[in-house]
Protein chains: 2
Amino acid sequence: MSFSITEENYIKAIFHLQQGEGNVSTNELAAELHTKAASVTDMLKKLKAKKLLSYEKYKGVRLSSEGKKLALAIVRKHRLWEYFLVDKLQFGWDEVHDVAEELEHISSKKLVEKLDAFLGYPKFDPHGDPIPDSHGKMAVQVQVNLIDLPLNRMAEVSGVGSQSTELLELLKHKHIGIGTRLEIKRKFSFDHSIEIKIRNQNPFAISQQLAQALFVKPV
Amino acid sequence: MSFSITEENYIKAIFHLQQGEGNVSTNELAAELHTKAASVTDMLKKLKAKKLLSYEKYKGVRLSSEGKKLALAIVRKHRLWEYFLVDKLQFGWDEVHDVAEELEHISSKKLVEKLDAFLGYPKFDPHGDPIPDSHGKMAVQVQVNLIDLPLNRMAEVSGVGSQSTELLELLKHKHIGIGTRLEIKRKFSFDHSIEIKIRNQNPFAISQQLAQALFVKPV
DNA sequence: AATTATTTTTAGATTTACCTAAAAATAATT
DNA sequence: AATTATTTTTAGGTAAATCTAAAAATAATT
């Protein structure tokens, strides 16, 4: 069975929203996909008929195991292509998302496997997210939210919580990227901002919002 | 301005069929795209409105310079991806076409340029077809003996190896002349005869002697 | 030149994915 | 519990790309 790009985008969106417990609501999906609730309802019926998810009127939606399998295949392609773009084509890690969004819908199974081999079976993409293997398994993240990093514990930036250009622009300005080593020197309870120190730079403060968008791996 | 995958496929098909002079007919296009004449008429109106081609009712179609530019961009992407698949991912040259058919519609301009650089600015794809550069220019194809033309490679008769009346009589009988477009569907090793297909005629066989007397230019 | 055959276009339907507006169900508040 | 607010679904419609069947234009043949 094969699926349209639109259908694949719905499956991927549900996959990302259903992390944790509980069902994904129609409105959440509509927001995520920049479409309207009525359109979502239509599509959910279609995807239910294709057995990719379980859905009952007014009760939200969850992927079936078939749906999860498809979602993981798409995520796998997305992250492999991102790795390719950064590692082989010298893209910046902050400019690959949209291109990978297109490439992830290329259907050839053989292409994905050969690309994976060509890249040397990478485990993580340029944003620090794990790449599912051909069976859908992926490495567990040892990374922790920067906000939860203890004081004076050296860590390395391993992931970001969003792909928004606004975030990436800010990170670029502050010269923070994947692999950047830092430690927290102070935490301020007034606004939950934190003061971090990078290598031999002077310490500087970052906002709570930014800290929450960064994931680090203790080193 | 951006174009749908379907529109791009129409432009590409017209480009391939209009080599040589004369307009491309509705039926030819319908056959090439595995669709019906009525659908083609609809699309031609749309593409005319977008100024990609010139089209008058009942008179066939030709690409405008805008249309040619688009066609060359698509062909460029197709052939660069084929080169990538064969050279980097170890695909066989005979199994890349369908995958490239999907990849050619990835829109990122930057991706194409970086891919081209990564591949070392190749001039020909794995089938021997020239790859247009970023300005749409491509290396000129030399004519080749028909016997050496790869299977399923569309080519146009560009010369004959002799002017004997016997040869010309035979060519006339088979409706083959300079400019005739054909492709080889099969090669038989027993007698080195080859089966060729011309336009919308049924395929038929020609002898080794005749094939050796014909020179073709891939189109 | 008239007739027949072929090609091409029009007309009207279908499918996918989307929309708006109104109705129905669920959740929140008084 | 009743009312109000929010969420979700239904109903009906639009645009893209396709189709079949019939009409119109062009080409081929007698």
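In what follows, every chain begins at residue 1, and chains take the letters A, B, ... in the order their sequences are listed.
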With a 4.0 Å cut-off, would you call [X] and [Y] a salt bridge?
X	Y	answer
A/E95	B/K110	yes
B/E66	B/K50	no
B/K12	B/E101	yes

Hey, can you pull the residues of residues 22-36 of chain B with a non-hydrogen atom under 4.0 angstrom from DNA chain D? B/T35, B/K36

For A/D42 and D/dT9, what is the distance between atoms CG and C1' respectively, to the nearest whole Å? 9 Å

Rounded to the nearest angstrom, tell me the gap between atom CE in B/M43 and atom C1' in D/dT18. 10 Å

Pi-cation contact, B/F204 with B/K174 (under 6.0 Å, within 45°): no

Produce the list of close N/O pairs, under 3.5 Å, pairing protein atoms with atoms of nucleotides 23-26 of chain D; give distances to one decimal.
unit_1	atom_1	unit_2	atom_2	d
D/dA25	O4'	B/Y58	OH	3.3

In chain order, what residues pass the ring pair (Phe, Tyr, Trp, His ring centres under 6.0 Å) check against A/F84, with sequence neighbours excluded? A/W81, B/F84

Can you list the residues that meet the ring pair (Phe, Tyr, Trp, His ring centres under 6.0 Å) rule with A/H97, with sequence neighbours excluded? A/H78

From A/I106 CD1 over to B/I106 CD1, what is the distance, rounded to the nearest 0.5 angstrom? 4.0 Å

Measuring to OP1 and OP2 of C/dT10, would you say a side-chain N or O of B/T41 lies under 4.0 angstrom away? no

Are OP1 or OP2 of C/dC18 and a side-chain N or O of A/S39 less than 4.0 angstrom apart? no

Residues that [X] engages under salt bridge (Lys or Arg N to Asp or Glu O under 4.0 Å), provided they are two or more places apart:
X	answer
A/E113	A/R76, A/K109
B/K187	none
A/K68	none
A/K48	A/E56

Would you say NZ of B/K217 has more than 12 non-hydrogen atoms from neighbouring residues, nucleotides or ligands within 6.0 angstrom? no

More than 12 foreign heavy atoms under 6.0 Å from NZ of A/K59: is that the case here? no

Any residue in residues 5-19 of chain B with a heavy atom nearer than 4.0 angstrom to DNA chain C? Just list them by number, or reply none. none

By a strict heavy-atom criterion of less than 4.0 Å, which residues belonging to residues 45-56 of chain B are in contact with DNA chain C? B/K45, B/Y55

Of all the base pairs, Watson-Crick or G-U under 3.5 Å, which form stems of three or more consecutive pairs involving DNA chain D? C:1-30 with D:1-30

Using every non-hydrogen atom in the two residues, find where A/D116 and A/L80 come nearest and quote the distance to one decimal. OD1-CD2, 3.5 Å

Any pair with a residue in residues 122-137 of chain A that passes side-chain hydrogen bond (donor to acceptor under 3.5 Å, both in side chains), sequence neighbours left out, goes on the list, sorted by first then second residue, please. A/E82-A/H127, A/H127-A/Q163

